[in-house]
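Structure first, then comments.
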Amino acid sequence: MRYIKDIANITMDKDKCIGCKMCIKVCPHGVFSISEGKAFINYKDKCIECGACSKNCPKEAIKVSAGVG
Amino acid sequence: MTSNYKLTFDELRKNLDRLDVWILVLDTKGINVWCAAGKGTFSTEELIYRIKKHKIDKLVTHKNLILPQLSAPGVSSYKVTKYVGFKINYGPVKARDINKFLNNKMTKDMRKVTFNLKERLLVTPLEFVYSVKYIPFIILFFLFLNILSGSSLIDGLKDSIINIVPYIGAIFIGTILFPMLIPILPFRIFSFNGILLGIIYSVLLFNNRLIIYDKPFLWIIGNSLLLISIIAYLAMNFTGSTTFTSHSGVRRETIITIPILLLLVLSGIILIILNAF
């Protein structure tokens with residue numbers, strides 16, 4: 001089941017990523033994956049903008065327009 | 001850590017039976033973990049406050065806090081660690097998987113949220129009951145029209161009650177059938193799927209030319225438009241009950257759908273009124 005394509009308001013600054021994998025751990029829908037030691041947004045359309053990733057990124061590399069959920 | 005929603009707390013307690021652990025309950029105003037996290041009551045601040053207030057560092061020798069997976073939208077774990085010195089670990093989504101988590105046997109899917117048929121059906125009865133409340137108003141609308149066009153109170157009421165049956169069906173389709181069918185419906189926008197189901201429903205309902213619905217063309221089209229609108233609206237409403245819609249997506253859907261619904265509803269009402277006179 002998928003919702004509207006290409007609408008999730010989520011961006012990531014790859015330069016700030018230290019590869020801690022917290023985003024991968026806290027995402028309830030598996031949006032992130034890891035490649036060459038850095039995380040990246042792999043399945044943007046699965047993102048529900050819950051904000052767990054951005055809240056738990058120690059380098060504040062992820063920005064999400066999180067609603068109330 | 002957990003919320004102070006009774007159902008959550010009881011489920012957690014039940015699954016921690018015979019384990020030597022402490023439970024720290026946060027004041028989330030009686031709301032469950034995931035909603036509270038999104039709302040900001042299951043927060044970094046509340047967590048730090050409770051840990052300091054109950055002097056948790058004096059209570060346990062270890063330095064491990066386990067948080068529910070779905071509290072992550074509300075908690076910056078690295079900030080909590082910085083302020084209270086405890087290490088934060090996110091446990092599974094479901095309390096019943098905690099045992100596996102503690103024994104290092106947790107799988108990745110236990111950090112994910114699903115929305116299968118059973119889970120979808122669980123949230124539908126409430127929406128159905130909420131919507132059925134509006135049936136008397138629709139009966140009154142039909143009754144009013146009937147009386148204005150000259151029928152007696154008794155005949156008008158009988159006719160209105162017969163006319164209302166498709167509307168109860170529409171509410172069922174919008175609140176229960178639609179959620180069941182989501183995986184096989186063609187559109188991503190919920191209201192569009194609602195319109196599709198509404199069209200199919202109306203065609204099936206009125207094409208059979210049931211004797212009791214042997215009504216003029218205007219009546220059929222007018223009521224179809226209303227039935228389609230109701231199903232589309234209820235379908236759009238379901239975006240708030242799912243685990244896979246985003247705020248941005250729902251905003252887009254709402255902006256597109258509301259004008260369409262207004263058009264359909266107004267047209268339907270106008271046709272029904274025209275038919276009555």
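Here is the naming used below: chain letters follow the sequence lines, and residue numbers restart at 1 for every chain. The structure displayed is predicted, hence computed values, not measured ones.
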*Nearest-0.5 Å distance that lies between atom CD in A/Glu60 and atom OG in B/Ser76*: 8.0 Å
_Heavy-atom neighbours of A/Lys5 NZ exceed 12 at 6.0 Å_ = no
*Considering all heavy atoms, the nearest A/Val26-B/Ala72 contact*: CB-CB, 3.6 Å
_Contact origin within B/Thr114 toward chain A - heavy atom pairs under 4.5 Å_ = neither
*Heavy atoms, side chains only, cut-off 4.5 Å: are B/Arg252 and A/Ile4 in contact?*
yes
*With rounding to the nearest 0.5 Å, note down the distance linking NZ in B/Lys79 to NZ in A/Lys55.*
7.5 Å
*Considering non-hydrogen atoms only, spot the tightest contact between A/Glu49 and B/Ser248 and give its length.*
OE2-OG, 2.5 Å
*Identify which of B/Arg111, B/Glu253, B/Arg251 forms the greatest number of heavy-atom pairs closer than 4.5 Å to chain A.*
B/Arg111
_Which portion of A/Cys57 sits near chain B, non-hydrogen atoms under 4.5 angstrom_ = backbone
*Kindly check if the number of other-residue, nucleotide or ligand heavy atoms within 6.0 Å of NZ (B/Lys63) is above 12?*
yes
*4.5 Å side-chain heavy-atom contact, B/Lys112 and A/His29*: no
*Could you check if a side-chain atom of B/Arg188 sits within less than 4.5 angstrom of a side-chain atom of A/Met1, using non-hydrogen atoms only?*
no
*asked:* Assess, by modelled atom type and distance only, whether the side chains of B/Ser77 and A/Asn56 contain a donor and an acceptor separated by less than 3.5 Å.
replied: yes
*Over 12 foreign heavy atoms within 6.0 Å of NZ, A/Lys46*: yes
*Other residues, nucleotides, ligands: >12 heavy atoms within 6.0 Å of B/Phe86 CZ*: yes
*Select one option (side chain, backbone, both, neither) describing which atoms of B/Val93 are under 4.5 Å from chain A's heavy atoms.*
neither
*Side-chain contact, heavy-atom cut-off 4.5 Å: B/Tyr78 with A/Met22?*
no
_Measuring from atom CD1 of A/Ile48 to atom NE2 of B/His247, what distance do you get when rounded to the nearest 0.5 angstrom?_
13.0 Å
_A quick test of your reading: do over 12 heavy atoms of other residues, nucleotides or ligands sit less than 6.0 Å from OH of B/Tyr49?_
no
*Of the backbone (N, CA, C, O) and the side chain (C-beta and beyond), which part of B/Phe187 lies under 4.5 Å from a heavy atom of chain A, both, or neither?*
neither
_Under 4.5 Å from a heavy atom of chain A, the part of B/Asn89 involved_ = side chain
*Which of the residues B/Ile184, B/Val113, B/Ile189 is involved in the greatest number of heavy-atom pairs with chain A at under 4.5 angstrom?*
B/Val113
_What part of A/Cys20 gets within 4.5 angstrom of chain B, counting heavy atoms only: side chain, backbone, both, or neither?_
neither
_Heavy-atom pair with the smallest gap, counting every atom of A/Pro28 and B/Trp34_ = CG-CZ2, 4.3 Å
*asked:* Would you say that more than 12 heavy atoms from the other residues, nucleotides or ligands in this model lie under 6.0 Å from the OH of B/Tyr5, or not?
replied: no
*What part of B/Leu70 lies closer than 4.5 angstrom to a heavy atom of chain A: side chain, backbone, both or neither?*
side chain
*Does any non-hydrogen side-chain atom of B/Thr242 lie less than 4.5 Å from one of A/Tyr3?*
no
